[in-house]
Amino acid sequence: MRIAAVSKSIPSKRVGNSDIIDTLDAQNPDTNPVLKSHYLQAVDKLLSYTGAHHRYMRDQESGETAHEHILAAMKAALAEAALAPDAIDLLIYCGVGRGFLEPANAYFFAAACGMAKANCFDVTDACMSWVRALNIAHDMQKQGSYERIMVINGEFHVGIHDNWQIQSMEALDFTFPMYTIGEAATATILTPSDQQWHFSFRSRSKLADLCTIPLPGYESYAPASSRIGLNGPMKFVSWGKALFAEGNSNLSALIASIADITETTDLFFPHAPSERIYREACRKMGLPPEKIYLSVYGAYGNVVSASIPVGLSCAQQEGRLKRGDRITLVPASAGLVASVVQTTF
């Protein structure tokens, strides 16, 4: 399997850290002024500490939609791979952002893009979704089920899963990560080749409640947990500090199990919801800083399952990633799960 194309589409509205502070201020006119002042100062400090600078969001007032960006990414990938829409055999929609629980979101985008022959389904595993989709595509391609596969995602959450209510200083423990979220769509085309791929995963399911977006009625599907639903149904709750610590520990154990990973890699691509924390964590894992691509978070925020394909697209455009480079994907995700994927770009 070969990555024939990887493209991104980024919304128009550039949002800086000061804009996040201004939104919090405006959304909480009746909050105790002392609490609000301390809360806003803490958010500003944490955003700076994590390495956040900007993120992009839809200008919803002007009618900008997730649909248009996902289609734009799809069309750009098709152009890059020099393929017509009906050349795609399988379309996989992945990620957290979605418009439908039923049917698969992939059907709507296959129809909109003119992929009349494509089979369709969705894959979801939090920020690991894109890597899971690639693993499934690899195995399906290898067994001869499909030849040309497109993987798409649309991580658009503002106005859906966000929560701007200031509850308390303690609530920052599970609410702050939402302020780092950016929006993006990506499309990746995978074509047959003899290129080798090696996928490794390490899950720790007992930590599933560290980062959640619960549906209404979720209580019937899971044991009671004091960590879930604190912002209400459909709202993002992430215990960021614990999630990073446990995620990095899990990823470190997986990396340690793979021989010569540094020597056989030209460039590492993590899912980086915090540039500073990941830079420090990767150094402790023995990964050379000069080989780690960490430019996504500062420029685009945490774009969830789109983080790595956005990184691949950016690195290629910058000339830092070239064909023939040996790459290793090293994401950690809610669930809790870590992955190491080794291949050649």
Side-chain angles (χ1 to χ4, degrees), residues 1-10 66-95 104-123 129-155 184-199 266-267 269 293 296 300 303 305-329 341-345:
M1 184 174 80
R2 174 180 179 269
I3 298 178
V6 58
S7 66
K8 65 183 182 298
S9 183
I10 305 298
H67 185 266
E68 68 187 74
H69 285 288
I70 297 167
L71 277 181
M74 294 172 73
K75 291 175 181 178
L78 288 167
E80 182 181 339
L83 291 174
D86 62 4
I88 300 299
D89 303 315
L90 174 64
L91 181 66
I92 304 175
Y93 186 97
C94 69
N105 292 261
Y107 291 107
F108 292 99
F109 291 102
C113 202
M115 297 177 175
K117 301 176 182 177
N119 277 308
C120 304
F121 62 82
D122 290 0
V123 171
S129 297
W130 184 80
V131 173
R132 293 287 195 188
L134 260 62
N135 192 185
I136 292 168
H138 173 266
D139 291 351
M140 286 186 149
Q141 207 175 76
K142 192 173 181 179
Q143 71 186 23
S145 299
Y146 303 99
E147 288 191 4
R148 292 169 296 277
I149 302 171
M150 180 183 282
V151 175
I152 61 173
N153 54 18
E155 297 293 8
T186 74
T188 307
I189 294 178
L190 306 162
T191 54
S193 79
D194 295 329
Q195 197 169 292
Q196 296 297 307
W197 287 71
H198 300 282
F199 291 86
D266 296 313
L267 202 54
F269 287 88
Y293 191 82
V296 173
Y300 299 100
V303 286
S305 74
S307 292
I308 290 180
V310 165
L312 292 171
S313 175
C314 289
Q316 189 177 22
Q317 290 173 349
E318 294 164 9
R320 190 171 176 187
L321 174 64
K322 298 175 288 295
R323 289 294 178 182
D325 284 349
R326 301 166 300 172
I327 62 172
T328 299
L329 316 179
V341 181
Q342 297 170 288
T343 191
T344 302
F345 185 72

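These numbers come from a predicted model, not from an experiment.
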**Student:** Any chance you could measure I70, atom CD1, to E155, atom CD, to the nearest 0.5 Å?
**Tutor:** 9.0 Å
**Student:** With a cut-off of under 6.0 Å to the ring centre and 45° to the axis, is R326 in cation-pi contact with F345?
**Tutor:** no
**Student:** Can you find a heavy atom in the side chain of L321 that is under 4.5 Å from one in the side chain of F269?
**Tutor:** yes
**Student:** Looking only at atom types and distance, does a side-chain atom of Q195 sit under 3.5 Å from a main-chain N or O of T344, one as donor and one as acceptor?
**Tutor:** yes
**Student:** Within this structure, what is the OG-CD1 distance for the pair S9 and I152, rounded to the nearest 0.5 Å?
**Tutor:** 12.0 Å
**Student:** What I'd like to find out is whether the side chain of E80 reaches to under 4.5 Å of the side chain of I189, using heavy atoms alone.
**Tutor:** no
**Student:** Where do Q143 and S145 come nearest, in terms of heavy atoms and distance?
**Tutor:** NE2-OG, 2.8 Å
**Student:** Identify the two heavy atoms, one from T191 and one from Q141, that lie closest to each other, and give their separation to 0.1 Å.
**Tutor:** O-OE1, 3.4 Å
**Student:** Mark yes or no for whether S7, through its side chain, and A73, through its backbone, hold a donor-acceptor pair below 3.5 Å.
**Tutor:** yes
**Student:** Checking side-chain contact (heavy atoms from CB on, under 4.5 Å) between P309 and each of V303, V131, I3, V6, which is the one that passes?
**Tutor:** V6
**Student:** Can you find a heavy atom in the side chain of C113 that is under 4.5 Å from one in the side chain of I88?
**Tutor:** no
**Student:** Rounded to the nearest 0.5 Å, what separates atom OH in Y93 from atom OG in S305?
**Tutor:** 7.5 Å
**Student:** As a test of understanding, state which of L90, L91, D89 forms a side-chain contact (heavy atoms from CB on, under 4.5 Å) with N119.
**Tutor:** L90
**Student:** Does the side chain of M74 reach to within under 4.5 Å of the side chain of L71, using non-hydrogen atoms?
**Tutor:** yes
**Student:** Between D86 (side chain) and A116 (backbone), is there a donor-acceptor pair under 3.5 Å?
**Tutor:** no
**Student:** What pair of heavy atoms forms the shortest contact from A137 to I149, and how long is it?
**Tutor:** O-CD1, 3.6 Å
**Student:** For the residue pair C314 and K8, what are the closest heavy atoms and their distance?
**Tutor:** SG-CE, 3.7 Å
**Student:** Apply side-chain hydrogen bond (donor to acceptor under 3.5 Å, both in side chains) to the pair W130 and T186, showing each step before the final yes or no.
**Tutor:** CA-CA 10 Å; W130 184 80; T186 74; 4.7 Å; no
**Student:** Quick one: pull up CG in N153 and OG in S307 and give me the separation to the nearest 0.5 Å.
**Tutor:** 9.0 Å
**Student:** With a 4.5 Å heavy-atom cut-off, do V341 and L134 have their side chains touching?
**Tutor:** no
**Student:** Please evaluate residues L78 and M150 with respect to the criterion side-chain contact (heavy atoms from CB on, under 4.5 Å), reporting the C-alpha separation (whole Å), side-chain torsions for both, the decisive distance (0.1 Å), and the verdict.
**Tutor:** CA-CA 9 Å; L78 288 167; M150 180 183 282; 3.8 Å; yes
**Student:** Examine distances only and state if a side-chain atom of W197 and a backbone atom of H138 form a donor-acceptor pair shorter than 3.5 Å.
**Tutor:** no
**Student:** Does a side-chain heavy-atom distance below 4.5 Å link L267 with D325?
**Tutor:** no
**Student:** Please tell me if the side chains of E318 and Y293 come closer than 4.5 Å, counting only heavy atoms from C-beta onward.
**Tutor:** yes
**Student:** Check for a donor-acceptor pair, side chain of R148 on one end and backbone N or O of A87 on the other, with a separation under 3.5 Å.
**Tutor:** yes
